[in-house]
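Data block below; observations after.
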Amino acid sequence: MYHFKIFTLWGNILAVYGRRGILSLHFDHTGEEEVKVKAGGSIERIWPDLFTALQNYFKGKRSIDFSRFSVDMKEYPPFTARVLEHIRQIPYGRVCSYSAAARALGCSGGSRAVGRALGRNRLPVIIPCHRVVNQDGCPGGFSSGLEKKLGLLTLEGVKFNELGRINDEVFISR
DNA sequence: TCACGGTCCAACG
DNA sequence: CGTTGGACCGTGA
């Protein structure tokens, strides 16, 4: 298992990387770990790319796409993994509701289960769980702090109307 | 089994 | 519109 630190406008991020792909991202990382990149693995080809993608993303560069990075989902329970893989397809600056995601996975009525699954996401931004919101356009919850969710959505240009809701056209499905 | 969520819906006022 | 109570579903203990 490798790990390395990434410097962004939103602070330091620690990325943990295994043989199969990225395992987790940790925000607000203030530790002093050295960047560890062992020779011979595939990581040194991947990480400069991830490094710049994240830097550009937090600079506010539009439509940054993280789908080319391989992620390791082996540790997630089956439904959770399916939820995470599914919501990975939500494009930059768009959103979808918890219930629509549940429905798409053949689990209509499982909106709370979807929320619970998203709360276990160890790969924020790369797996954009902040793009899943309540059906009525309200932001919904975020286990690591709602301010972060609002910040990420705002960074992507998502606007909230006077009632604090996201308008219809931003949704890919409801 | 049971309790717990990043929810949803209908029924109020 | 805002609030409230109950129902729904996957996990982990």
Side-chain angles (χ1 to χ4, degrees), chain A residues 1 6 8-16 18 20-30 50 53-54 57-58 60 63-67 69-174:
Chain A
M1 224 158 61
I6 297 170
T8 75
L9 290 179
W10 276 33
N12 298 337
I13 299 175
L14 184 72
V16 181
R20 299 188 203 86
I22 310 166
L23 284 158
S24 58
L25 292 189
H26 307 268
F27 281 78
D28 300 324
H29 189 259
T30 51
L50 178 62
L54 282 167
Y57 177 83
F58 285 109
S63 297
I64 297 288
D65 177 29
F66 293 97
S67 64
F69 299 106
S70 56
V71 295
D72 188 348
M73 306 267 208
K74 282 284 190 298
E75 299 305 315
Y76 295 106
F79 179 76
T80 304
R82 288 176 58 220
V83 169
L84 296 181
E85 277 160 15
H86 180 256
I87 67 103
R88 215 185 164 186
Q89 301 167 12
I90 307 173
Y92 186 100
R94 307 292 300 281
V95 299
C96 116
S97 73
Y98 295 96
S99 61
R103 211 180 316 127
L105 292 167
C107 177
S108 50
S111 46
R112 296 195 79 178
V114 167
R116 210 161 198 295
L118 294 179
R120 301 180 187 188
N121 181 21
R122 303 286 106 185
L123 291 158
V125 179
I126 292 180
I127 294 179
C129 57
H130 60 281
R131 295 178 192 151
V132 185
V133 299
N134 287 6
Q135 191 168 261
D136 62 2
C138 288
F142 205 66
S143 38
S144 50
L146 189 56
E147 324 79 46
K148 271 202 184 72
K149 184 173 192 172
L150 295 174
L152 292 172
L153 287 170
T154 304
L155 178 72
E156 296 187 12
V158 174
K159 305 266 194 295
F160 291 83
N161 65 23
E162 59 283 354
L163 283 80
R165 304 209 173 129
I166 299 168
N167 293 330
D168 293 12
E169 60 269 20
V170 185
F171 280 81
I172 58 170
S173 65
R174 233 185 245 257

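Quick note on labels: first sequence line is chain A, next is B, and so on, each numbered from 1. Values below: every heavy atom of this structure, side chains too, minus hydrogens, waters and symmetry copies.
As judged by a 4.0 angstrom heavy-atom cut-off over every strand, A/Leu163 is placed among residues touching the sugar-phosphate backbone only. Note on A/Pro139: nothing from the nucleic acid sits closer than 4.0 angstrom, heavy atoms only. Residue A/Ser99 is classed as a sugar-phosphate contact, given heavy-atom separations below 4.0 Å to backbone atoms only. Within the nucleic acid shown, A/Val114 has no heavy atom closer than 4.0 Å to any nucleic acid atom. At a threshold of 4.0 angstrom between heavy atoms, the contacts of A/Phe79 are confined to the sugar-phosphate backbone, with no base atom among them. Using a 4.0 Å heavy-atom distance criterion, A/Gly110 is classed as a sugar-phosphate-only contact. Note on A/Gly140: nothing from the nucleic acid sits closer than 4.0 angstrom, heavy atoms only.
Considering every non-hydrogen atom in both A/Tyr98 and A/Gly141, the closest pair reads OH-O, 3.6 Å. Considering all non-hydrogen atoms of both residues, A/Ser97 and A/Gln135 come closest at CB-CA, 3.8 Å. Contact between A/Asp136 and A/Arg165 at its shortest, heavy atoms only, is O-CD, 2.9 Å.
When the options A/Leu150, A/Asn167, A/Ile166 are evaluated for a side-chain contact (heavy atoms from CB on, under 4.5 Å) with A/Val158, the one that passes is A/Ile166.
In this structure, A/Arg120 reaches the C/dG12 phosphate: one of its side-chain N or O atoms is under 4.0 Å from OP1 or OP2.
Between A/Phe27 and A/Phe58, the ring planes lie perpendicular to each other; the angle is over 60°, past the 30° to 60° tilted range.
Note: CG (A/Asn134) to P (C/dG2) measures 14 Å, nearest angstrom. C/dT11 atom P lies 11 Å from atom CG of A/Leu84, rounded to whole Å. Summarising the geometry, the separation between CG on A/Leu152 and P on B/dG6 is reported as 17 Å, rounded to the nearest angstrom. As rounded to whole Å, 11 Å separates atom C1' of B/dT7 from atom NZ of A/Lys149. Atom CD1 of A/Ile90 is separated from atom C1' of B/dG6 by 13 Å (rounded to the nearest Å). Between A/Lys148 atom NZ and B/dG6 atom P there is a gap of 15 Å when expressed in whole angstrom units. Rounded to whole Å, the distance from CZ on A/Arg112 to C1' on C/dT11 is 13 Å. Atom C1' of nucleotide C/dG10 and atom OH of A/Tyr98 are separated by 16 Å, given to the nearest angstrom.
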Would A/Glu156 and A/Arg131 satisfy salt bridge (charged side-chain N to carboxylate O under 4.0 Å, His left out), going step by step from the backbone distance to the final call? CA-CA 10 Å; A/Glu156 296 187 12; A/Arg131 295 178 192 151; 2.9 Å; yes

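C/dC8 is unpaired under the Watson-Crick or G-U wobble criterion, no partner having all donor-acceptor distances under 3.5 Å. Judged by Watson-Crick or G-U wobble contacts below 3.5 Å, the nucleotide B/dG6 has no partner.
Each of A/Gln135 and A/Leu118 was matched to the nucleotide of DNA chain B holding its nearest heavy atom; the match closer to the 5' end belongs to A/Leu118.
Ranking B/dC8, C/dA7, C/dT11 by closeness to the A/Ser111 side chain, first place goes to B/dC8. Taking only side-chain atoms of A/Ser143, from C-beta outward, the nucleotide of B/dC8, B/dG6, C/dC9 with the closest atom is B/dG6. Considering only the side chain of A/Cys129, B/dG6 comes nearest among C/dC9, B/dG6, C/dT11. Listed candidates were B/dC8, C/dC1, C/dA7. Nearest to the side chain of A/Arg165 is C/dC1.
Judged by atom type and distance alone, A/Arg116 does not reach the base of B/dG6 through any side-chain donor-acceptor pair under 3.5 Å.
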